[in-house]
Amino acid sequence: MTQSILWLTALIMFAGGTALLFLGKRRTETEGVMSLAHGIVPIIAGCLYVAMATGQGAVLLPTDATLAGVGNSTRILWFGRYIDWFFTTPLLLVGLGCLGMLRGRKRADLLLGAVAADIIMIVTAFAFSASENVISRWIWFILSCLAFLGVYYVIWVSQKEANQLETPAVQQAYLRSAAILSVLWMVYPVILALSPDGLGIVPDGASVLIIAITDVLAKVGFGFLSLSDDRKLVTA
């Protein structure tokens, strides 16, 4: 069942990425750059989903019970998803930042701040999932959540201030995209904490499905929304 989910998600990612790239062929240079960025995101994700489906993006680790000497069970560390997020989430943040500063100066400090906090968030989240020590695992989780708050700060404070200099239409598009991305990304820390990597409340198959659905919405769905907004704003 889990492999079927991974393969299906990979196909959706490849199809969505191809469609986003194709849309850019008939647009202006600016829109073409945006479609290229958003098209690359699901294609990268598709490659990593193939890796996980074939077992090359996952490794077995002992469970807490095994480490405590009770039983001999294992859990799956899906490290492929962290490689995916390491490359794709910065691109999504850059796209969101460029949308928020569409006509004004693209502030490199704000874009870099969002990307830096995001990378710290992903690296520490991987350390959380890979940790075999319970205490260190949750220390990494807390650090990842703090970095996550840093990403939110840039999106909702720093970039929002820069966005206030834009037209009402650009402001509305930015707030809508920021809200959608923020809500979708909130799913990740929750499901990781409840998955076998964390508390073990949600079984592995269910956590894989929830993350796969969220990935498709955050990469393919969000990509089409961003390109639609970009086309309307550029032609306005």
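In what follows, residues are counted from 1 in the order of the sequence shown.
- Between Leu192 and Arg81, some side-chain heavy-atom pair lies under the 4.5 Å cut-off.
- Counting only heavy atoms from C-beta outward, the side chains of Met52 and Phe79 never approach each other to under 4.5 Å.
- Between Gly150 and Ala117, the shortest heavy-atom contact is C-CB, 4.1 Å.
- Counting heavy atoms from C-beta outward, Phe222 and Leu217 have side chains that stay 4.5 Å or more apart.
- Residues Leu175 and Trp156 have side chains in contact (heavy-atom distance under 4.5 Å, counting atoms from C-beta outward).
- With Phe128 as the partner, the ring-ring contact (aromatic ring centres under 6.0 Å, His included) test is satisfied by one option alone out of Trp140, Trp138, Tyr188: Trp138.
- Within 6.0 Å of the CD atom in Gln172, the count of heavy atoms belonging to other residues, nucleotides or ligands does not exceed 12.
- Trp7 is listed as a side-chain neighbour of Thr54, based on a closest heavy-atom distance under 4.5 Å.
- Counting only heavy atoms from C-beta outward, the side chains of Pro203 and Pro196 never approach each other to under 4.5 Å.
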- [ ] Applying side chain to side chain contact (heavy atoms under 4.5 Å, CB included), run through Phe14 and Cys47 and close with a yes or a no.
- [x] CA-CA 8 Å; Phe14 286 134; Cys47 291; 4.0 Å; yes
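- If you chain together hydrophobic residues whose side chains sit under 4.5 Å apart, Val220 and Leu8 fall into the same group.
- Following chains of ILVMFWY side-chain contacts shorter than 4.5 Å, one cannot reach Ile119 starting from Tyr153, and the two form parts of different hydrophobic clusters.
- The two atoms that bring Asp84 and Ala45 nearest to each other are OD2-CB, 3.6 Å, heavy atoms only.
- To the nearest 0.5 Å, atom OG of residue Ser4 and atom CG of residue Leu209 are 11.5 Å apart.
- Between the Ser129 side chain and the Asp197 main chain, no donor and acceptor come within less than 3.5 Å of each other.
- Checking side-chain atoms of Ser177 against main-chain N and O of Ala173 turns up a donor-acceptor pair under 3.5 Å.
- With 3.5 Å as the limit, one finds no donor-acceptor pair spanning the side chains of Asp229 and Tyr174.
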TODO: Quick one: do Asn163 and Met101 satisfy side chain to side chain contact (heavy atoms under 4.5 Å, CB included)? Show the steps, please.
DONE: CA-CA 6 Å; Asn163 179 246; Met101 298 174 280; over 6 Å; no
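- The distance from the OG1 atom of Thr88 to the CG atom of Asp215 is 7.0 Å, given to the nearest 0.5 Å.
- Ala162 and Leu110 get closest at one heavy-atom pair: CB-CD1, 4.0 Å.
- Although no hydrogens or angles enter the test, the distance criterion places no donor-acceptor pair under 3.5 Å between the side chain of Gln159 and the main chain of Gly100.
- Looking at every heavy atom in both residues, Cys98 comes nearest to Leu111 through N-CD2, 4.3 Å.
- Going from atom CG of Leu93 over to atom CG of Asp118 covers 5.0 Å, rounded to the nearest 0.5 Å.
- Residues Leu6 and Val59 fall within the same hydrophobic cluster, defined by Ile, Leu, Val, Met, Phe, Trp and Tyr side chains chained together at heavy-atom separations under 4.5 Å.
- In this structure, CG in Leu112 is found 12.0 Å from CZ in Arg107, a value given to the nearest 0.5 Å.
- Between Pro42 and Gly17, the closest heavy-atom pair is CG-CA, 3.4 Å.
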TODO: Take Leu21 and Ile43 through the side chain to side chain contact (heavy atoms under 4.5 Å, CB included) test and state the conclusion after the steps.
DONE: CA-CA 10 Å; Leu21 291 174; Ile43 289 178; 3.6 Å; yes
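- Linking ILVMFWY side-chain heavy atoms closer than 4.5 Å, directly or via other members, places Ile120 and Trp185 in two distinct hydrophobic clusters.
- Between Met13 and Val216 there is a side-chain heavy-atom pair separated by less than 4.5 Å.
- With contacts defined as side-chain heavy-atom distances shorter than 4.5 Å, the pair Arg176/Leu225 qualifies.
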- [ ] Verify side chain to side chain contact (heavy atoms under 4.5 Å, CB included) between Ile155 and Leu96, making sure each step is shown before the conclusion.
- [x] CA-CA 9 Å; Ile155 291 175; Leu96 178 64; 4.0 Å; yes
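- The distance from atom CZ of Phe141 to atom CG of Leu199, rounded to the nearest 0.5 Å, is 8.5 Å.
- Under a 3.5 Å cut-off, the side chain of Thr89 and the backbone N or O of Phe86 do not form any donor-acceptor pair.
- Leu48 contributes atom CG, which lies 5.5 Å from atom CD1 of Ile83 (distance to the nearest 0.5 angstrom).
- A continuous path of ILVMFWY side-chain contacts below 4.5 Å connects Trp85 to Leu194, so both sit in one hydrophobic cluster.
- In this structure, Thr63 and Ser73 approach most closely via the heavy-atom pair OG1-OG, 2.7 Å.
- A donor-acceptor pair is defined here as one N or O able to donate and one able to accept, closer than 3.5 Å; no such pair exists between the side chain of Glu166 and the backbone of Gln171.
- Note on ring orientation: taking the six-membered ring where Trp is involved, the planes of Tyr82 and Phe126 are perpendicular (angle over 60°, cut-offs 30° and 60°).
- By the 4.0 Å N-to-carboxylate-O rule, Asp204 lies too far from Arg75 to be salt-bridged with it.
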